[in-house]
> 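Let me give you the structure first, and then I'll get to my questions.
Values below: every heavy atom of this structure, side chains too, minus hydrogens, waters and symmetry copies. In what follows, every chain begins at residue 1, and chains take the letters A, B, ... in the order their sequences are listed.
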Protein chains: 2
Amino acid sequence: MDRQRTDKNEETSAQGRPTLKTLAFMTGLGVTTVSRALKDAPEIGAETRRRVQLVAKQIGYRPNRAGVRLRTGRTNVISLVLNTDREIMSFVSDIIYGVSEVLAETPYHLIVTPYSRSQDPMEPIRYLVETGSADGVIISRTQPNDPRARYMLEHGMPFATHGRTDMGLVHPYHDFDNHAFAMEAVRRLASMGRRRLALLSPPPGLTYYGHTLNGFADALSEVDANEIPFNTVSIDHTIEQIRMRTAQVMRRDVRPDGFVSSAAAATLAIVAGIEDAGLKLGRDVDVVSKQSSDLLHLFRPELLVVNENFRLAGSDLARSVLGWIGGAAPGSLQSLVVASGVQALTQPLLA
Amino acid sequence: MDRQRTDKNEETSAQGRPTLKTLAFMTGLGVTTVSRALKDAPEIGAETRRRVQLVAKQIGYRPNRAGVRLRTGRTNVISLVLNTDREIMSFVSDIIYGVSEVLAETPYHLIVTPYSRSQDPMEPIRYLVETGSADGVIISRTQPNDPRARYMLEHGMPFATHGRTDMGLVHPYHDFDNHAFAMEAVRRLASMGRRRLALLSPPPGLTYYGHTLNGFADALSEVDANEIPFNTVSIDHTIEQIRMRTAQVMRRDVRPDGFVSSAAAATLAIVAGIEDAGLKLGRDVDVVSKQSSDLLHLFRPELLVVNENFRLAGSDLARSVLGWIGGAAPGSLQSLVVASGVQALTQPLLA
DNA sequence: TCAATATACTGAAACGTTACAGATGCCAAT
DNA sequence: ATTGGCATCTGTAACGTTTCAGTATATTGA
C-alpha cells in the first residue's frame, strides 16, 4: 500500500505556507541563493535579487520565525518585565503602547514577562537570559544598585532601564528628571507663599526616590522653606493608607501647607486626606502632582501638575534596546526627560 | 578572531545550555528515549523515566522553544490583540495582569499584538493566523458580527473574546453583564426619585453597546422614567468632548437628573460638565458609574458605582483560550459576570 | 520447541533557516 | 594555453525537537 502523497519534495502543489524552498522552486534557484537574495547579500546578481524579492512579495513570503531562531539564536523578541502588583496602572498600558509603536515597524514581537509579589525580581531576568527567550529586555523599578542590570550586562543581554542606575556601569536608560520635578514643585509652592512642605515620595529603594528627595531638599534650602516629614508612606502604599496618613498630619498644629506628590493616584488620596481634616485645597494647602494622563484637573482644578509621558518612555526604551542590539554604543542610548514645568490647571482669575 | 568553540559533538564539556543530546549522553540513552521519558510516554520503563526526569531537573534542562516550534508548529504563545489608541487605560494593564497570572503557571508566553488608528482590525488577526505566530488569541472590542471571530473560527485558531458576539457562532468569551448593569443603575436612580435619565454609552458598534442600551431601556419602562437623549457622545470620545456635551445638556430646561456612565474616566468628565453648568452632584443630579479601580469615591463621594473586574476578565480569558487549545468544547468556556450591585460611596447619613 | 507478542529502546528524517565550503563559468593577465 | 581572479550560484550540514519505522530482548501461548 503506497502512501497517498509522499509530499517529500513534491514541489508542485499547495504548501500550507511558502518557505525558501517554495521560492527556490518558483525561481529555479537554490535555497541558499534565495535566502541571500532576500537579505541583499552582496554576491547576488542585481537582476536575480530583484526577481526573487518580487516573487517573494507576490506570494507573501514571511520567514519562519522558528527556523530563524533555531538556526541563528535570534528570537526577534523584546521582553518587557513587569511587576504584576506594584506597577501603577495607567503607567503600564502607556509604556506598552509606546513600545509597540516602535516594534510595529520591525520584525520584533513584544512579550510581557511578569513577576509578582514574593518573587525575586531576578527570576524573570535569569529565565530570559538562560533560555535566550528574548534579544532584549526592558525593566522598570530600577534601583541604584540593580542586580538585574548587572546580571544582564555580565551575560551580554541588551537591555534598557526605565530609570537610571548608579553603579558606575553604562547602559541605555530612559528617565524622567525627578530631581528637576521636585525642585520645580517646591519653587512653585514657595512662590505661592507655602513654607511647610511635605513630600509623598516614590518607594525607597528605587533610584528616583533619591532623585526626588534630593531635588526636594535642594530646592527647600534654596527657597528657605521647611520640610514636614511625611516619609512613613510612599506612592506604593494603598490609597487608604495615604489618605489616613495625610489626614493625620493635617490635623496637627504644625501641618504642611504644601504637598509634592510623585503620582496622580496618590494625589487623589492626599486631597481626600486634606479634606478629611476639614481643610481646603488652594486655601489652606496647595499640591503639586505628577500625572501621566490629563485627568487631575477634573478632580480638583486647584491642583498644580507636571506631566510625565510614559508613552514616550516606552518608545524611547524600545528604540534604545533595538539600538543596542543593532550594535550602537549603550552610552549613546540614554535619555533624560526634563519636566515641562508646573502647570496651574485653572487661571487664577477664574478661581 | 577565535571562533567560539567548534564543539560539533563534543559530548564532553560545557555546552551553553543542556539539550536532549546532553541528557542522552549523560544518561547513556538515545535522544528519542529521553524526549519520550520527559513527556511521560507510555513505552518508557518506569525506572528510566524517573532517572531521566531527575537528571533533567538537576541540570536545569528546558526544552528549546524554537526546536519545539519548528518541529510541531506549536508556539506556546498566546497573543493579546489591542487597539493602541482606543483602549481605556487602566483596563489594559489589568487584563494583562490577569492573563499573565494564568500563563505564568504554563509554558506559554504572552505577546501583545497592537493595531492602531486607521488600521484594519483584521490585519493583526490575519498576521497571527497566516504566520502561525500564536496558538491562541484574545481580542477585545468585540462586535455583534465580528469578522475577526469568524475568521479565526474558519481558520481553526483558538481564541476568546472580551465581550460576546451575536452571529450564531459558538466560541469562548468573557463578558460583564452590561444589561444587568444598566438595569440596576436605572433602578437605583429611580429609587432616588430620578426620572429623567441620560446614558453615556459604550461606542456604537461594539456588542455591549447594545446590551447597555437594552438594559437601560428595559429598566426605564419598568420604573416609568424617561430617557434624555445623550447619544452624540460615547465613552470613546475625549474627556473634553464629554464634558462640554454634558454641560450643554445640563443647561437646558429639561435636563437629566440622573446619569448612567459606562466608564470611570468618562464619569469624571460628566461630573465636571454638571458642575460647569452650575449644578450639584447629589442634589440636582445623581450619577451611577462603572469603575474598574476603586478611585471614584475620592473624586466625589456622592457617586454611585458598580465595579467591573478586568483582572478577572484577563485570567478568565486566558483560561478559556488554554482550555480550547487543550481540546475543551468552546461552548463550555464562556463566562458572564453579573454586576455586584450599585454601591453608594458614602453613607447617606454622613453626606 | 517455535513463533507470536509485548516491552524498552534507537537511528534517521524532517521542520525552515543560515553558514560554510565549494562549484561553475567567464574574462583578463600572463 | 594556462593561471588567477571575479561574479554568481549551489549542496550540505547544523540548530533542537518529535515522529516514523524500526531493532533487540524478554515473555507468552500452543
> For B:Gly28, report the nucleic acid contact type (base, sugar-phosphate, nothing); a contact means any heavy atom under 4.0 Å.
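Sugar-phosphate, backbone atoms only, no base.
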
> Pair A:Thr142, A:Thr207 - check side chain to side chain donor-acceptor pair (under 3.5 Å), show working.
CA-CA 6 Å; A:Thr142 308; A:Thr207 311; 5.9 Å; no

> Compute the angle between the rotation axes at the two ends of the helix from C:dT1-D:dA30 to C:dT30-D:dA1, each taken over five pairs, rounded to 10 degrees.
60°

> For B:Asp135, what residues pass the salt bridge (Lys or Arg N to Asp or Glu O under 4.0 Å) criterion, not counting sequence neighbours?
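Applying salt bridge (Lys or Arg N to Asp or Glu O under 4.0 Å) to B:Asp135 gives none.
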
> For B:Asp175, what residues pass the side-chain contact (heavy atoms from CB on, under 4.5 Å) criterion, not counting sequence neighbours?
B:Arg164, B:Tyr173, B:Asn178, B:His211, B:Leu336

> Knowing that exactly one of B:Gln143, B:Arg148, B:His171 qualifies, which makes a side-chain hydrogen bond (donor to acceptor under 3.5 Å, both in side chains) with B:Thr165?
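With B:Thr165 as partner, side-chain hydrogen bond (donor to acceptor under 3.5 Å, both in side chains) holds for just one option, B:His171.
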
> Return the orientation label for the B:Trp324 and B:Phe159 ring planes: parallel under 30°, perpendicular over 60°, tilted otherwise.
tilted

> Contacts to DNA chain D from residues 40-51 of chain A, heavy-atom cutoff under 4.0 Å, which residues?
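Close to the strand are A:Glu43, A:Ile44, A:Gly45, A:Thr48.
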
> Hey, can you pull the residues of residues 54-71 of chain A with a non-hydrogen atom under 4.0 angstrom from DNA chain D?
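When residues 54-71 of chain A is checked for heavy atoms under 4.0 Å from DNA chain D, the hits, listed by number, are A:Leu70, A:Arg71.
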
> I'd like a list of close polar pairs between nucleotides 25-27 of chain C and the protein, N/O only, cut-off under 3.5 Å.
none

> I'd like to check the salt bridge (Lys or Arg N to Asp or Glu O under 4.0 Å) partners of B:Arg65; sequence neighbours left out, ordered by chain and number.
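Residues passing salt bridge (Lys or Arg N to Asp or Glu O under 4.0 Å) with B:Arg65: none at all.
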
> Indicate every side-chain donor-acceptor pair of residues 98-106 of chain B with a distance under 3.5 Å to a residue at least two apart or in another chain.
residue, atom, partner, partner atom, Å
B:Ser100, OG, B:Ile96, O, 2.8
B:Glu101, OE1, B:Arg311, NE, 2.9
B:Glu101, OE1, B:Arg311, NH2, 3.2
B:Thr106, OG1, B:Leu103, O, 2.8
B:Thr106, OG1, B:Tyr108, N, 3.0

> What side-chain donor-acceptor pairs closer than 3.5 Å can you find for residues 38-48 of chain B, not counting sequence neighbours?
residue, atom, partner, partner atom, Å
B:Asp40, OD1, B:Gln53, NE2, 3.1

> Which residues in residues 31-38 of chain B have a heavy atom closer than 4.0 Å to any atom of DNA chain C?
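Contacts with DNA chain C under 4.0 Å: B:Thr32, B:Thr33, B:Arg36.
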
> Side-chain atoms of residues 125-133 of chain B: list all donor-acceptor pairs with protein atoms under 3.5 Å, sequence neighbours left out, distances to 0.1 Å.
residue, atom, partner, partner atom, Å
B:Arg126, NH2, B:Asp120, OD2, 3.3
B:Tyr127, OH, A:His109, NE2, 2.8
B:Thr131, OG1, B:Tyr127, O, 2.7
B:Thr131, OG1, B:Ser133, OG, 2.6

> Is a side-chain donor-acceptor pair under 3.5 Å present for A:Asn145 with A:Arg150?
yes

> Rounding to a whole Å, what distance do you find between A:Lys39:NZ and C:dA19:C1'?
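In whole Å, C:dA19 C1' lies 11 Å from A:Lys39 NZ.
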
> Atom pairs under 3.5 Å, N or O on each side, protein against nucleotides 24-26 of chain D: can you list them with distances?
none

> Should A:Ile138 and A:Val81 be marked as a side chain to side chain contact (heavy atoms under 4.5 Å, CB included) after you check the CA-CA gap, both sets of side-chain angles, and the distance that decides it?
CA-CA 6 Å; A:Ile138 296 172; A:Val81 178; over 6 Å; no

> Between B:Lys21 and D:dG16, does any side-chain N or O lie under 4.0 Å from OP1 or OP2?
no

> Under 3.5 Å, is there a donor on one side chain and an acceptor on the other for A:His174 and A:Ser320?
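There is no such pair (donor and acceptor under 3.5 Å, judged by atom type) between the side chains of A:His174 and A:Ser320.
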
